[in-house]
Amino acid sequence: MKARILLVEDDSALAQILTLHFEEGGHEVFHAPTLKLARQLIAE
Amino acid sequence: MGEVPKENSTDSHLDINSANEPPPLHPAEKILATLTTVSYRAGELQSYLDSVCEALLELMGTGLSAITLYRYGTKKVLATKPESDCLSCGSMDIHGQLSTHVLNTNTILTVENALSNTQYGSPPEGFCSYMGVPLRSPGGEVVGTLCYFDKKARQFTDREEQTAELFAERIAIALDNYDLFQKLGEYSDSLELQVQERSEQLLKAHEELAQKEKLAALGEFASHITHEIRNPLTTIRLTLEYIKKNPERSPEKRLELGIGEVSRLERLLNELLLYAKPIEVNAGPLELSGFCQDFISTFDSIAKERRQTLKLLTDTPVTVMADRDKLTQVILNLVRNACEAADPEDTITLRLGKTDTVGRVSVHNFGNTIPADKLPIITEPFVSCRANGSGLGLAIVESLQKSQGGNVSFTSSVSDGTVVEIDLPLAPL
(Lines give C-alpha, C1' and ligand atoms only; values in the text may rest on other atoms or scores of the structure.)
Protein backbone atom coordinates (compact mmCIF):
# COMPACT_ATOMS: atom_id res chain seq x y z
CA MET A 1 0.00 0.00 0.00
CA LYS A 2 1.40 3.29 -1.07
CA ALA A 3 1.00 6.29 1.19
CA ARG A 4 1.12 9.97 0.61
CA ILE A 5 3.20 11.50 3.35
CA LEU A 6 3.31 15.12 4.27
CA LEU A 7 6.36 16.26 6.20
CA VAL A 8 5.74 19.47 8.04
CA GLU A 9 9.40 20.09 8.49
CA ASP A 10 12.13 22.33 7.26
CA ASP A 11 14.91 21.23 5.00
CA SER A 12 16.86 19.56 7.76
CA ALA A 13 19.02 16.46 7.34
CA LEU A 14 16.47 14.48 9.29
CA ALA A 15 13.69 15.54 6.93
CA GLN A 16 15.83 14.63 3.94
CA ILE A 17 16.73 11.21 5.23
CA LEU A 18 13.11 10.50 6.14
CA THR A 19 12.13 11.51 2.63
CA LEU A 20 14.69 9.13 1.16
CA HIS A 21 13.42 6.38 3.42
CA PHE A 22 9.79 6.80 2.47
CA GLU A 23 10.43 7.38 -1.22
CA GLU A 24 12.48 4.22 -1.45
CA GLY A 25 9.57 2.44 0.15
CA GLY A 26 7.47 3.68 -2.75
CA HIS A 27 5.60 6.32 -0.82
CA GLU A 28 4.93 9.80 -2.04
CA VAL A 29 6.41 12.53 0.17
CA PHE A 30 5.37 16.14 0.27
CA HIS A 31 7.15 18.91 2.16
CA ALA A 32 5.59 21.84 3.87
CA PRO A 33 7.93 24.13 5.81
CA THR A 34 5.06 25.56 7.82
CA LEU A 35 1.71 24.43 9.14
CA LYS A 36 0.01 27.05 7.02
CA LEU A 37 1.47 25.60 3.84
CA ALA A 38 0.65 22.11 5.09
CA ARG A 39 -3.02 23.05 5.41
CA GLN A 40 -2.97 24.50 1.92
CA LEU A 41 -1.46 21.30 0.53
CA ILE A 42 -4.09 19.17 2.28
CA ALA A 43 -6.86 21.42 0.93
CA GLU A 44 -5.56 20.92 -2.60
CA MET B 1 4.83 92.47 81.78
CA GLY B 2 2.37 93.10 84.61
CA GLU B 3 3.29 94.49 87.98
CA VAL B 4 4.76 91.98 90.30
CA PRO B 5 3.11 92.17 93.70
CA LYS B 6 5.24 92.79 96.70
CA GLU B 7 6.24 89.66 98.50
CA ASN B 8 5.28 89.12 102.09
CA SER B 9 7.65 88.14 104.85
CA THR B 10 7.37 84.39 104.23
CA ASP B 11 8.97 84.93 100.86
CA SER B 12 12.20 86.06 102.42
CA HIS B 13 13.95 82.93 101.15
CA LEU B 14 13.54 84.16 97.61
CA ASP B 15 15.59 87.28 98.25
CA ILE B 16 19.30 87.42 97.73
CA ASN B 17 20.98 90.21 99.66
CA SER B 18 24.65 90.86 99.25
CA ALA B 19 26.33 94.26 99.11
CA ASN B 20 29.22 93.02 96.97
CA GLU B 21 27.13 91.28 94.35
CA PRO B 22 25.01 92.64 91.50
CA PRO B 23 21.50 93.76 92.46
CA PRO B 24 19.43 90.72 93.35
CA LEU B 25 16.90 89.41 90.86
CA HIS B 26 13.28 90.08 91.51
CA PRO B 27 11.68 86.85 92.80
CA ALA B 28 9.60 86.51 89.65
CA GLU B 29 12.69 86.99 87.52
CA LYS B 30 14.51 84.40 89.55
CA ILE B 31 11.70 81.86 89.09
CA LEU B 32 11.69 82.55 85.38
CA ALA B 33 15.48 82.24 85.18
CA THR B 34 15.38 78.99 87.11
CA LEU B 35 12.64 77.55 84.94
CA THR B 36 14.58 78.55 81.86
CA THR B 37 17.78 76.86 82.95
CA VAL B 38 16.07 73.66 84.01
CA SER B 39 15.17 71.74 80.91
CA TYR B 40 14.71 68.17 79.91
CA ARG B 41 16.56 67.01 76.85
CA ALA B 42 17.85 63.82 75.35
CA GLY B 43 16.33 61.46 77.89
CA GLU B 44 18.65 62.34 80.81
CA LEU B 45 15.85 62.13 83.37
CA GLN B 46 17.75 61.71 86.62
CA SER B 47 19.97 64.75 86.18
CA TYR B 48 16.91 66.75 85.19
CA LEU B 49 14.98 65.70 88.30
CA ASP B 50 18.00 66.48 90.46
CA SER B 51 18.26 69.93 88.95
CA VAL B 52 14.54 70.57 89.51
CA CYS B 53 14.86 69.58 93.18
CA GLU B 54 17.87 71.83 93.49
CA ALA B 55 16.05 74.75 91.84
CA LEU B 56 13.02 74.28 94.06
CA LEU B 57 15.23 74.18 97.12
CA GLU B 58 16.98 77.34 96.06
CA LEU B 59 13.66 79.12 95.64
CA MET B 60 11.94 77.78 98.71
CA GLY B 61 14.58 77.71 101.43
CA THR B 62 16.97 75.36 103.20
CA GLY B 63 14.67 72.41 103.75
CA LEU B 64 14.30 69.24 101.70
CA SER B 65 12.84 68.88 98.23
CA ALA B 66 11.79 65.53 96.85
CA ILE B 67 10.14 64.03 93.82
CA THR B 68 8.20 60.85 94.28
CA LEU B 69 6.69 58.47 91.76
CA TYR B 70 3.67 56.29 92.21
CA ARG B 71 2.97 54.16 89.24
CA TYR B 72 1.85 50.61 88.54
CA GLY B 73 1.42 50.12 92.31
CA THR B 74 5.04 50.97 92.99
CA LYS B 75 6.22 53.79 95.21
CA LYS B 76 9.59 55.30 94.54
CA VAL B 77 11.60 58.39 95.51
CA LEU B 78 13.10 59.63 92.29
CA ALA B 79 15.20 62.54 93.59
CA THR B 80 15.93 64.57 96.73
CA LYS B 81 17.88 67.70 97.55
CA PRO B 82 19.92 67.61 99.62
CA GLU B 83 20.53 63.99 98.71
CA SER B 84 19.39 61.66 101.41
CA ASP B 85 20.58 58.10 101.85
CA CYS B 86 17.57 57.21 103.92
CA LEU B 87 15.27 58.42 101.14
CA SER B 88 17.06 56.66 98.33
CA CYS B 89 17.13 53.41 100.28
CA GLY B 90 13.41 53.72 100.84
CA SER B 91 13.45 53.68 104.61
CA MET B 92 11.42 56.88 104.60
CA ASP B 93 8.07 56.02 103.08
CA ILE B 94 6.95 59.42 101.88
CA HIS B 95 3.87 57.99 100.24
CA GLY B 96 2.82 56.53 103.52
CA GLN B 97 2.75 59.99 105.03
CA LEU B 98 1.79 63.41 103.76
CA SER B 99 2.23 62.66 100.08
CA THR B 100 -0.44 59.99 100.17
CA HIS B 101 -3.01 62.68 100.78
CA VAL B 102 -1.77 64.61 97.74
CA LEU B 103 -1.91 61.46 95.62
CA ASN B 104 -5.38 60.57 96.79
CA THR B 105 -6.92 64.04 96.50
CA ASN B 106 -5.03 65.22 93.42
CA THR B 107 -4.67 68.64 95.06
CA ILE B 108 -1.93 70.75 96.58
CA LEU B 109 -1.45 70.23 100.29
CA THR B 110 0.33 72.71 102.53
CA VAL B 111 0.77 72.06 106.24
CA GLU B 112 2.27 74.83 108.34
CA ASN B 113 3.20 72.53 111.22
CA ALA B 114 2.84 68.86 110.54
CA LEU B 115 4.23 67.98 113.92
CA SER B 116 1.23 69.53 115.69
CA ASN B 117 -1.26 68.91 112.87
CA THR B 118 -0.96 65.20 112.14
CA GLN B 119 -4.22 64.68 110.30
CA TYR B 120 -2.36 64.39 106.96
CA GLY B 121 0.50 62.33 108.33
CA SER B 122 3.86 63.01 109.90
CA PRO B 123 6.87 64.65 108.22
CA PRO B 124 10.29 63.03 108.10
CA GLU B 125 12.36 63.39 111.19
CA GLY B 126 13.83 66.89 111.61
CA PHE B 127 11.18 68.62 109.47
CA CYS B 128 8.08 70.54 110.42
CA SER B 129 6.14 72.15 107.56
CA TYR B 130 5.11 70.54 104.27
CA MET B 131 4.01 71.46 100.78
CA GLY B 132 3.09 68.73 98.29
CA VAL B 133 2.02 69.20 94.67
CA PRO B 134 0.61 66.38 92.56
CA LEU B 135 2.41 65.38 89.36
CA ARG B 136 -0.28 64.98 86.73
CA SER B 137 0.27 63.13 83.51
CA PRO B 138 -1.14 64.69 80.31
CA GLY B 139 -4.08 62.33 80.81
CA GLY B 140 -4.80 63.82 84.25
CA GLU B 141 -3.57 60.80 86.18
CA VAL B 142 -1.59 61.53 89.35
CA VAL B 143 1.75 59.82 88.93
CA GLY B 144 3.67 61.25 91.86
CA THR B 145 4.39 64.30 93.96
CA LEU B 146 6.76 67.18 94.24
CA CYS B 147 7.37 67.83 97.93
CA TYR B 148 9.08 70.42 100.02
CA PHE B 149 9.73 70.00 103.75
CA ASP B 150 10.91 72.88 105.88
CA LYS B 151 12.67 72.48 109.18
CA LYS B 152 10.60 75.14 110.86
CA ALA B 153 6.90 75.87 110.89
CA ARG B 154 5.95 78.22 108.09
CA GLN B 155 3.21 79.18 105.72
CA PHE B 156 3.55 78.90 101.96
CA THR B 157 2.56 81.82 99.75
CA ASP B 158 0.41 81.58 96.67
CA ARG B 159 3.46 82.45 94.61
CA GLU B 160 5.38 79.53 96.12
CA GLU B 161 2.50 77.20 95.41
CA GLN B 162 2.26 78.46 91.83
CA THR B 163 6.01 78.08 91.41
CA ALA B 164 5.87 74.53 92.75
CA GLU B 165 2.96 73.78 90.40
CA LEU B 166 5.00 75.05 87.46
CA PHE B 167 7.83 72.76 88.44
CA ALA B 168 5.41 69.87 88.98
CA GLU B 169 3.95 70.39 85.53
CA ARG B 170 7.39 70.33 83.99
CA ILE B 171 8.35 67.21 85.92
CA ALA B 172 5.17 65.44 84.79
CA ILE B 173 5.90 66.34 81.17
CA ALA B 174 9.48 65.14 81.58
CA LEU B 175 8.28 61.84 83.05
CA ASP B 176 5.82 61.45 80.23
CA ASN B 177 8.51 62.28 77.66
CA TYR B 178 10.81 59.81 79.33
CA ASP B 179 8.16 57.11 79.10
CA LEU B 180 7.54 57.97 75.45
CA PHE B 181 11.26 57.99 74.85
CA GLN B 182 11.58 54.54 76.41
CA LYS B 183 8.59 53.22 74.49
CA LEU B 184 9.97 54.71 71.30
CA GLY B 185 13.30 53.01 71.98
CA GLU B 186 11.56 49.69 72.60
CA TYR B 187 9.43 50.19 69.51
CA SER B 188 12.49 51.08 67.51
CA ASP B 189 14.31 47.97 68.73
CA SER B 190 11.27 45.85 67.99
CA LEU B 191 10.89 47.43 64.58
CA GLU B 192 14.55 46.90 63.84
CA LEU B 193 14.20 43.27 64.83
CA GLN B 194 11.15 42.90 62.61
CA VAL B 195 12.94 44.56 59.71
CA GLN B 196 15.88 42.24 60.23
CA GLU B 197 13.59 39.20 60.34
CA ARG B 198 11.71 40.35 57.25
CA SER B 199 14.97 41.08 55.45
CA GLU B 200 16.23 37.61 56.24
CA GLN B 201 12.95 36.10 55.04
CA LEU B 202 13.09 38.20 51.89
CA LEU B 203 16.68 37.21 51.24
CA LYS B 204 15.82 33.56 51.74
CA ALA B 205 12.81 33.84 49.43
CA HIS B 206 14.96 35.63 46.89
CA GLU B 207 17.60 32.91 47.05
CA GLU B 208 14.94 30.21 46.69
CA LEU B 209 13.45 32.02 43.73
CA ALA B 210 16.87 32.48 42.14
CA GLN B 211 17.54 28.78 42.66
CA LYS B 212 14.21 27.87 41.07
CA GLU B 213 14.85 30.18 38.16
CA LYS B 214 18.29 28.70 37.78
CA LEU B 215 16.87 25.18 37.74
CA ALA B 216 14.14 26.24 35.31
CA ALA B 217 16.72 27.83 33.02
CA LEU B 218 18.88 24.76 33.31
CA GLY B 219 15.89 22.57 32.48
CA GLU B 220 15.05 24.67 29.45
CA PHE B 221 18.67 24.64 28.36
CA ALA B 222 18.87 20.86 28.76
CA SER B 223 15.65 20.48 26.79
CA HIS B 224 17.05 22.55 23.92
CA ILE B 225 20.35 20.72 23.96
CA THR B 226 18.57 17.37 23.92
CA HIS B 227 16.52 18.46 20.94
CA GLU B 228 19.55 19.77 19.11
CA ILE B 229 21.47 16.54 19.67
CA ARG B 230 18.64 14.08 19.15
CA ASN B 231 17.81 15.19 15.60
CA PRO B 232 21.30 14.68 14.16
CA LEU B 233 21.64 11.46 16.11
CA THR B 234 18.40 10.18 14.59
CA THR B 235 19.70 11.01 11.13
CA ILE B 236 22.97 9.21 11.82
CA ARG B 237 21.12 6.22 13.29
CA LEU B 238 18.80 5.97 10.28
CA THR B 239 21.84 6.10 7.99
CA LEU B 240 23.63 3.35 9.84
CA GLU B 241 20.51 1.17 10.02
CA TYR B 242 19.99 1.62 6.28
CA ILE B 243 23.56 0.53 5.54
CA LYS B 244 23.12 -2.50 7.81
CA LYS B 245 19.85 -3.56 6.20
CA ASN B 246 20.83 -2.75 2.63
CA PRO B 247 24.52 -3.58 2.23
CA GLU B 248 24.11 -3.97 -1.52
CA ARG B 249 22.64 -0.49 -2.04
CA SER B 250 24.59 2.70 -2.41
CA PRO B 251 24.33 4.78 0.77
CA GLU B 252 26.04 7.83 -0.75
CA LYS B 253 23.30 10.35 -0.13
CA ARG B 254 22.61 9.09 3.39
CA LEU B 255 26.29 9.04 4.26
CA GLU B 256 26.57 12.61 3.09
CA LEU B 257 23.66 13.61 5.32
CA GLY B 258 25.04 11.63 8.28
CA ILE B 259 28.50 13.17 7.97
CA GLY B 260 26.84 16.59 7.75
CA GLU B 261 25.04 15.88 10.98
CA VAL B 262 28.27 14.84 12.67
CA SER B 263 29.74 18.17 11.62
CA ARG B 264 26.65 19.86 12.94
CA LEU B 265 27.08 18.17 16.32
CA GLU B 266 30.71 19.23 16.39
CA ARG B 267 29.71 22.82 15.67
CA LEU B 268 27.04 22.65 18.33
CA LEU B 269 29.47 21.42 20.96
CA ASN B 270 32.04 24.05 19.99
CA GLU B 271 29.44 26.77 20.21
CA LEU B 272 28.17 25.45 23.52
CA LEU B 273 31.68 25.58 24.91
CA LEU B 274 32.18 29.06 23.51
CA TYR B 275 28.89 30.22 25.00
CA ALA B 276 29.29 28.55 28.37
CA LYS B 277 32.92 29.11 29.26
CA PRO B 278 33.96 32.27 31.10
CA ILE B 279 35.18 34.99 28.78
CA GLU B 280 38.59 36.51 29.37
CA VAL B 281 38.89 39.82 27.62
CA ASN B 282 42.17 41.44 26.59
CA ALA B 283 40.88 44.68 25.20
CA GLY B 284 43.12 47.29 23.62
CA PRO B 285 42.91 49.97 20.94
CA LEU B 286 41.88 48.38 17.64
CA GLU B 287 41.67 50.29 14.37
CA LEU B 288 38.55 48.94 12.69
CA SER B 289 39.35 49.63 9.04
CA GLY B 290 42.55 47.60 9.06
CA PHE B 291 40.91 44.96 11.21
CA CYS B 292 37.98 44.53 8.79
CA GLN B 293 40.27 44.40 5.76
CA ASP B 294 42.26 41.63 7.44
CA PHE B 295 39.02 39.88 8.31
CA ILE B 296 37.77 39.95 4.73
CA SER B 297 41.11 38.64 3.45
CA THR B 298 40.92 35.75 5.89
CA PHE B 299 37.25 34.82 5.68
CA ASP B 300 36.33 35.83 2.16
CA SER B 301 35.98 32.14 1.32
CA ILE B 302 32.73 31.99 3.32
CA ALA B 303 31.13 34.39 0.84
CA LYS B 304 32.85 32.94 -2.21
CA GLU B 305 31.34 29.52 -1.51
CA ARG B 306 28.02 31.08 -2.50
CA ARG B 307 29.52 33.40 -5.09
CA GLN B 308 28.82 36.31 -2.79
CA THR B 309 30.92 39.39 -2.14
CA LEU B 310 32.15 40.91 1.12
CA LYS B 311 32.49 44.67 0.82
CA LEU B 312 33.93 47.19 3.31
CA LEU B 313 32.68 50.79 3.45
CA THR B 314 34.59 53.22 5.60
CA ASP B 315 34.66 57.01 5.65
CA THR B 316 36.66 57.85 8.70
CA PRO B 317 39.22 56.05 10.87
CA VAL B 318 37.61 54.43 13.88
CA THR B 319 39.61 53.04 16.76
CA VAL B 320 37.77 51.15 19.48
CA MET B 321 38.69 49.33 22.65
CA ALA B 322 38.23 45.67 21.78
CA ASP B 323 39.68 42.20 22.03
CA ARG B 324 40.79 41.28 18.51
CA ASP B 325 40.00 37.57 18.86
CA LYS B 326 36.59 38.23 20.38
CA LEU B 327 35.67 40.76 17.73
CA THR B 328 36.81 38.37 15.02
CA GLN B 329 34.46 35.73 16.44
CA VAL B 330 31.62 38.28 16.58
CA ILE B 331 32.06 39.45 12.98
CA LEU B 332 32.56 35.87 11.79
CA ASN B 333 29.25 34.75 13.28
CA LEU B 334 27.45 37.75 11.78
CA VAL B 335 29.04 37.40 8.33
CA ARG B 336 28.31 33.68 8.29
CA ASN B 337 24.66 34.36 9.15
CA ALA B 338 24.47 37.14 6.55
CA CYS B 339 25.91 34.89 3.83
CA GLU B 340 23.45 32.11 4.67
CA ALA B 341 20.50 34.50 4.68
CA ALA B 342 21.49 36.31 1.47
CA ASP B 343 20.90 34.99 -1.99
CA PRO B 344 23.80 33.67 -4.07
CA GLU B 345 25.84 36.41 -5.73
CA ASP B 346 24.56 39.02 -3.27
CA THR B 347 26.83 41.48 -1.57
CA ILE B 348 27.33 41.54 2.19
CA THR B 349 28.48 44.93 3.38
CA LEU B 350 30.56 45.87 6.40
CA ARG B 351 30.17 49.58 7.13
CA LEU B 352 32.21 51.43 9.72
CA GLY B 353 31.01 54.46 11.64
CA LYS B 354 31.10 56.10 15.03
CA THR B 355 29.21 58.33 17.43
CA ASP B 356 30.61 60.48 20.24
CA THR B 357 31.12 57.48 22.44
CA VAL B 358 31.16 54.31 20.35
CA GLY B 359 32.67 52.89 17.21
CA ARG B 360 30.36 50.83 15.05
CA VAL B 361 30.53 47.97 12.56
CA SER B 362 27.28 47.38 10.65
CA VAL B 363 26.81 44.10 8.83
CA HIS B 364 24.18 44.35 6.11
CA ASN B 365 22.57 41.83 3.81
CA PHE B 366 19.45 41.37 1.74
CA GLY B 367 17.67 38.04 1.51
CA ASN B 368 15.87 36.18 4.26
CA THR B 369 14.85 38.53 7.02
CA ILE B 370 14.47 38.01 10.74
CA PRO B 371 10.74 37.72 11.56
CA ALA B 372 9.46 40.61 13.65
CA ASP B 373 8.44 38.32 16.51
CA LYS B 374 11.97 36.95 16.72
CA LEU B 375 13.82 40.26 16.64
CA PRO B 376 13.47 40.99 20.38
CA ILE B 377 14.64 37.49 21.35
CA ILE B 378 17.07 36.78 18.57
CA THR B 379 20.07 36.79 20.92
CA GLU B 380 18.53 34.31 23.34
CA PRO B 381 20.07 30.84 23.25
CA PHE B 382 18.45 28.36 20.84
CA VAL B 383 16.50 30.99 18.95
CA SER B 384 17.28 30.61 15.28
CA CYS B 385 15.77 31.50 11.92
CA ARG B 386 17.52 28.65 10.15
CA ALA B 387 16.60 24.98 10.06
CA ASN B 388 20.11 23.79 10.80
CA GLY B 389 21.08 26.66 13.08
CA SER B 390 22.01 25.86 16.64
CA GLY B 391 20.57 29.14 17.87
CA LEU B 392 23.75 29.89 19.75
CA GLY B 393 25.60 32.06 17.21
CA LEU B 394 23.91 35.35 18.09
CA ALA B 395 23.80 34.48 21.79
CA ILE B 396 27.58 34.16 21.57
CA VAL B 397 27.76 37.47 19.70
CA GLU B 398 25.87 39.26 22.43
CA SER B 399 27.85 37.59 25.19
CA LEU B 400 31.17 38.53 23.57
CA GLN B 401 30.00 42.06 22.93
CA LYS B 402 28.94 42.57 26.54
CA SER B 403 32.23 41.18 27.76
CA GLN B 404 33.96 43.95 25.81
CA GLY B 405 31.65 46.67 27.08
CA GLY B 406 29.84 46.77 23.75
CA ASN B 407 26.38 46.21 22.42
CA VAL B 408 24.60 44.57 19.50
CA SER B 409 21.33 45.57 17.84
CA PHE B 410 19.25 44.27 14.96
CA THR B 411 16.88 45.67 12.34
CA SER B 412 15.36 43.63 9.57
CA SER B 413 12.86 44.27 6.80
CA VAL B 414 12.29 43.03 3.29
CA SER B 415 12.84 46.48 1.80
CA ASP B 416 16.00 47.43 3.71
CA GLY B 417 17.40 44.02 4.43
CA THR B 418 18.97 43.01 7.73
CA VAL B 419 21.42 45.23 9.58
CA VAL B 420 23.31 44.13 12.66
CA GLU B 421 25.12 46.93 14.46
CA ILE B 422 28.10 46.17 16.66
CA ASP B 423 28.98 49.02 19.02
CA LEU B 424 32.20 49.17 20.99
CA PRO B 425 33.64 51.90 23.21
CA LEU B 426 35.92 54.33 21.40
CA ALA B 427 39.57 54.14 22.37
CA PRO B 428 40.81 57.18 24.28
CA LEU B 429 42.69 59.65 22.09
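Throughout, a chain's letter reflects where its sequence line sits, starting with A, and its residues are numbered from 1. Computed from a predicted model, the values in this text were never measured in an experiment.
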Next on the checklist: Show, in sequence, the C-alpha distance, side-chain angles and deciding distance for L238(B) and L20(A), and conclude whether the side-chain contact (heavy atoms from CB on, under 4.5 Å) test is met.
Outcome noted: CA-CA 10 Å; L238(B) 286 172; L20(A) 283 173; over 6 Å; no
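Using a 4.0 Å cut-off between charged side-chain N and carboxylate O, K253(B) and E24(A) make no salt bridge.
No more than 12 heavy atoms of other residues, nucleotides or ligands shown are found within 6.0 angstrom of CD on E252(B). Within 6.0 Å of CZ on R306(B) lie more than 12 heavy atoms contributed by other residues, nucleotides or ligands. Annotation: H224(B), atom NE2; neighbour count of heavy atoms from other residues, nucleotides and ligands within 6.0 Å is above 12.
One distance of note links CG of N231(B) with CD1 of I17(A); it measures 12.0 Å at 0.5 Å rounding.
Among E261(B), E256(B), R249(B), R254(B), the residue with the largest count of heavy-atom pairs under 4.5 Å with chain A is R254(B).
T234(B) is not listed as a side-chain neighbour of L18(A), based on a closest heavy-atom distance of 4.5 Å or more.
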